[in-house]
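Report on the following structure.
Just so it is clear, the values below take in all heavy atoms, side chains as well, and ignore hydrogens, waters and symmetry mates. Every chain is numbered from 1, with letters handed out A, B, ... down the list of sequences. Here the structure is a predicted model, which means the values were calculated and not measured.
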Protein chains: 2
Amino acid sequence: MANYEQLRLRNQLCFPLYVCSKEVVRKYKPLLDELDLTYTQYITMMAMWEHQQLSAKELGNILYLDSGTLTPVLKTLEKKGFVERQRSKDDERSLIISLTPEGSDLQDRAAHIPEAIGKCIDMDLEDLQTLHRLLHKFMDTSIK
Amino acid sequence: MANYEQLRLRNQLCFPLYVCSKEVVRKYKPLLDELDLTYTQYITMMAMWEHQQLSAKELGNILYLDSGTLTPVLKTLEKKGFVERQRSKDDERSLIISLTPEGSDLQDRAAHIPEAIGKCIDMDLEDLQTLHRLLHKFMDTSIK
DNA sequence: TTAAATTTAATTGTGTACAATTTATCTGAT
DNA sequence: ATCAGATAAATTGTACACAATTAAATTTAA
């Protein structure tokens with residue numbers, strides 16, 4: 001009978017990635033609840049705070065999300081008053097997303113979140129920096 | 001006007017975790033399609049291959065999934081013939097999940113997957129080992 | 001120049017994730 | 001012995017995530 005050591009859960013890279021990703025989102029939840037944002041809505045707003053205005057296409061490239069995911073997220077964020085959606089005059093296919101004043105104000109209320117998250121992750125800074133670096137390396141070498 | 005450097009997407013730990021996790025699942029997809037498994041079904045089968053028999057509760061603890069997620073996954077895996085679901089005689093509340101012979105056979109057909117995934121991740125072994133170690137450290141220090 | 005190919009969002013359908021609630025069963029203290 | 005609390009799974013409702021398709025607008029090439 002084969003042992004299949006390489007098929008054990010703890011020997012995979014995928015499984016801890018999957019678990020850690022969900023766990024981090026879980027940590028954000030109480031902080032994001034105060035802003036009435038889900039995690040996906042939050043990273044969308046982070047992109048908007050950085051760029052003020054983006055096409056849906058550009059937003060998808062930044063967040064690695066397709067229109068099937070983004071369309072409802074953007075409609076929800078518009079309903080909440082944080083962004084506006086309007087077709088480009090130059091190219092009617094393109095949907096331009098713009099940060100509203102209310103969306104911009106939200107950044108102030110989100111400013112404390114990164115530090116609050118940092119405090120509940122009990123790892124030393126060096127390990128966190130290494131982890132950060134390796135995840136970006138993984139993204140750069142593995143995507144597309 | 002504030003700069004909010006700490007709110008930039010690329011300075012977060014959560015975002016690369018989220019992107020890498022989804023990206024890895026995407027890499028599994030063509031391999032898992034051949035076995036008619038989704039990623040969640042695959043990690044469930046990995047746990048079953050290791051243990052042959054587990055309660056739904058134990059499975060949830062291993063996979064970090066609750067009954068809301070697991071119940072439909074287990075019903076699907078039963079429909080595909082890879083596991084059996086039956087109430088415990090000792091405790092009718094408990095649902096015992098057992099690997100079927102078909103489920104066991106599936107392990108042979110999955111045996112090549114870890115190596116195939118390894119080949120399409122273009123990072124050196126040392127970085128991958130460090131990443132693996134730090135993700136487990138993160139799980140150990142951050143969950144519960 | 002106009003028909004074919006491409007591009008962009010939206011839609012549709014399937015499958016998670018997870019919080020909150022419900023239902024059934026079991027345990028323990030009186 | 002019984003019932004209050006605990007436990008386990010299922011259910012319900014919301015929100016992604018993504019493949020595949022559709023629809024509309026634009027670009028390209030014969």
Legend entry - Residue mapping more 5' on DNA chain D - nearest nucleotide basis, A:P72 or B:K29: A:P72
Inset, instruction - Select from A:K89 and A:G68 the residue whose nearest nucleotide in DNA chain D is closer to the 5' end of that strand. - result: A:G68
Rounding to an integer number of Å, can you tell me how far [X] [atom1] sits from [N] [atom2]?
| X | N | atom1 | atom2 | value |
| --- | --- | --- | --- | --- |
| A:D66 | D:dA15 | CG | P | 18 Å |
| B:I43 | C:dA17 | CD1 | C1' | 11 Å |
| B:L54 | D:dA8 | CG | P | 14 Å |
| B:Y39 | C:dA17 | OH | C1' | 14 Å |
| A:I97 | C:dA10 | CD1 | C1' | 13 Å |
| A:L32 | C:dA19 | CG | P | 13 Å |
| A:L70 | D:dA15 | CG | C1' | 13 Å |

Do side-chain atoms of [X] reach the backbone of [Y] as a donor and acceptor pair under 3.5 angstrom?
| X | Y | answer |
| --- | --- | --- |
| A:S55 | A:I96 | no |
| A:W49 | A:G103 | yes |
| A:T141 | B:M123 | no |
| A:K80 | A:D36 | yes |

Which pairs, protein N/O on one side and nucleotides 23-25 of chain D N/O on the other, fall under 3.5 Å?
none

Inset, instruction - Could you list the residues that satisfy side-chain contact (heavy atoms from CB on, under 4.5 Å) with A:R87, not counting sequence neighbours? - result: A:E92, A:L95
Need one value for [X]: base, sugar-phosphate or nothing, where a base atom within 4.0 Å counts as base even if backbone is also close, heavy atoms only.
| X | answer |
| --- | --- |
| A:T40 | sugar-phosphate |
| B:T38 | sugar-phosphate |
| A:D90 | sugar-phosphate |

Legend entry - Lys/Arg N to Asp/Glu carboxylate O, B:K75 vs B:E78, below 4.0 Å: no
Legend entry - B:T71 (side chain) and D:dA9 (base): donor-acceptor pair under 3.5 Å: no
Legend entry - Distance-only donor-acceptor test (3.5 Å): side chain A:S67, base C:dA10: yes
Inset, instruction - Just say parallel, tilted or perpendicular for the rings of B:Y39 and A:Y18, cut-offs at 30° and 60°. - result: perpendicular
Inset, instruction - Compare the minimum distances between each of D:dA9, D:dC16, C:dC18 and the side chain of B:A56, then state the nucleotide with the smallest one. - result: D:dA9
Inset, instruction - Identify which nucleotide among D:dA9, D:dA17, C:dC18 has an atom closest to any side-chain atom of A:T69, counting heavy atoms from C-beta outward. - result: D:dA17
Legend entry - Under 4.0 angstrom between A:K57 side-chain N/O and C:dT8 OP1 or OP2: yes
Inset, instruction - Ignoring backbone atoms, establish whether B:Y18 has a side-chain N or O less than 4.0 Å from OP1 or OP2 of D:dA17. - result: yes
Inset, instruction - Give, ordered by number, those residues of residues 73-88 of chain A having at least one heavy-atom distance below 4.0 Å to an atom of DNA chain D; if nothing qualifies, reply none. - result: A:V73
Inset, instruction - Could you tell me the separation between the CZ atom of A:F82 and the OG1 atom of A:T100, rounded to the nearest 0.5 Å? - result: 7.5 Å
Legend entry - Side chains of A:V73 and A:T38 in contact at under 4.5 Å (non-hydrogen atoms): no
Inset, instruction - Apply the side-chain hydrogen bond (donor to acceptor under 3.5 Å, both in side chains) test between B:S98 and each candidate in B:Q52, B:E84, B:Q53; give the one that qualifies. - result: B:Q53
